[in-house]
A.B. asks: 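Input: one structure, supplied below.
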Amino acid sequence: MLSAQERAQVAQVWDLIAGHEASFGAELLLRLFTVYPSTKVYFKHLGFCPDETQLLTHGQRMLEAVGVAVRHMDNLRAVLSPLADLHAQVLRVDPSNFPLLIQCFQVVLASHLQGEFTVEMQAAWDKFLTGVSVVLTEKYR
Amino acid sequence: MVHLTAEEKAAVSSLQGKVKVDVVGGEALGRLLVVYPWTQRFFDSFGDLSSPDAIMSNRKVKAHGKKVVNSLINGLKNLDNLKGAFAKLSELHCDKLHVDPENFKLLGNVLVCVLARHFGKEFTPQE
């Protein structure tokens, strides 16, 4: 699991995102849909070509959930349980898509944080998001 | 086989002209070795890889990263014949180095992050 240093790195990055959940989330989704168009099948409710408002709304929702995960790194299973149920029973997102989302998240962080995006931050954040995705897909079977 | 559209080829070529090969290659390989430490298995002869600082400042990592990016740039000059351009390297990585192809995806992903880090907002989703 995450070391104390890795948790600090995750929290440090989150401090830079907090307050900008909508714009970060929208960019994350835009990058995901542009680079990996097959992921759009899971967002049919946003329409074939989601507009900016839809991306901002849904992006904010996703990033707020990430924020919850950041604040409860010791207790991910409990706090993410409703989302895990949602992904298992309703959304049924193929687990292979989570690394794609994580990659896009890293690109968004890198492009916004640039010089501040250290290799330690990248490693910690990758480990953290992978942990989140494991919890979200745990109830699949 | 992946086929790039004319727009994609143009976007890739324009980015290539702005890339500092010396810096980007070493950083990409270094970040790969730190973020996905199991990839270190291919670089036993590279010396000190014991910490992120050691990896990012390792001369062999920087030199090899530069070599990798130079090969990719060579590929950019042969976008219509990528198979031919990379045939020898492909054989090397398969028959001698025995690199799991999954690792190429990881390095590619890290390289994209490094480019995003350097170009910031200029690095559009299309690029």
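Quick note on labels: first sequence line is chain A, next is B, and so on, each numbered from 1. Remember, predicted model here, so these are calculated numbers, not experimental data. Values reported hereafter were calculated over all heavy atoms of this structure, with side chains retained and with hydrogens, waters and symmetry mates removed.
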A.B. asks: Counting only heavy atoms closer than 4.5 Å, note whether S111(A) contacts chain B via side chain, backbone, both or neither.
C.D. replies: both

A.B. asks: If two hydrophobic side chains count as joined below 4.5 Å and joins carry through other members, does V134(A) share a cluster with L80(A)?
C.D. replies: no

A.B. asks: Determine, using the 4.5 Å side-chain heavy-atom cutoff (strictly less than), whether L46(A) and M62(A) are members of one ILVMFWY cluster.
C.D. replies: yes

A.B. asks: Report, as yes or no, whether the 6.0 Å neighbourhood of atom NZ on K139(A) holds more than 12 heavy atoms from other residues, nucleotides or ligands.
C.D. replies: yes

A.B. asks: With a 4.5 Å cut-off on heavy-atom pairs, point out which of L32(A), T118(A), V35(A) contacts chain B the most.
C.D. replies: T118(A)

A.B. asks: With hydrophobic residues grouped by side-chain heavy-atom distances under 4.5 Å, do V112(B) and I73(B) end up in a single group?
C.D. replies: yes

A.B. asks: If you round to the nearest 0.5 Å, how far is CG of N109(B) from CD of Q106(A)?
C.D. replies: 9.5 Å

A.B. asks: What's the spacing between Y36(B) OH and K127(A) NZ if we round to 0.5 Å?
C.D. replies: 13.5 Å

A.B. asks: So E27(A) and P125(B), do their side chains get closer than 4.5 Å, heavy atoms only?
C.D. replies: no

A.B. asks: Output the option from A123(A), A110(A), P99(A) having the highest count of non-hydrogen pairs under 4.5 Å with chain B.
C.D. replies: A110(A)

A.B. asks: What part of F119(B) is in contact with chain A, defined as an atom under 4.5 angstrom from a non-hydrogen atom: side chain, backbone, both or neither?
C.D. replies: backbone

A.B. asks: Report yes or no: does Q114(A) contribute a side-chain atom to a donor-acceptor pair with the main-chain N or O of R117(B) at less than 3.5 Å?
C.D. replies: yes

A.B. asks: From D53(B) CG over to E120(A) CD, what is the distance, rounded to the nearest 0.5 angstrom?
C.D. replies: 6.0 Å

A.B. asks: Does CD in Q126(B) sit with more than 12 non-hydrogen atoms of other residues, nucleotides or ligands closer than 6.0 Å?
C.D. replies: yes

A.B. asks: Flag yes if F43(A) and F98(A) sit in one hydrophobic cluster, no otherwise; membership is Ile, Leu, Val, Met, Phe, Trp, Tyr, and two members link when side-chain heavy atoms are under 4.5 Å apart.
C.D. replies: yes

A.B. asks: Against chain B, label V107(A) side chain, backbone, both or neither, depending on which of its atoms sit under 4.5 Å from a heavy atom there.
C.D. replies: both

A.B. asks: Drop me the distance from R31(B)'s CZ to F117(A)'s CZ, to the nearest 0.5 angstrom.
C.D. replies: 6.0 Å

A.B. asks: Are W125(A) and M73(A) joined in one hydrophobic group, where the rule is that I, L, V, M, F, W and Y side chains link up if heavy atoms are under 4.5 Å apart?
C.D. replies: yes

A.B. asks: Chain B heavy atoms under 4.5 Å from F105(A): which part of the residue, side chain, backbone, both or neither?
C.D. replies: neither

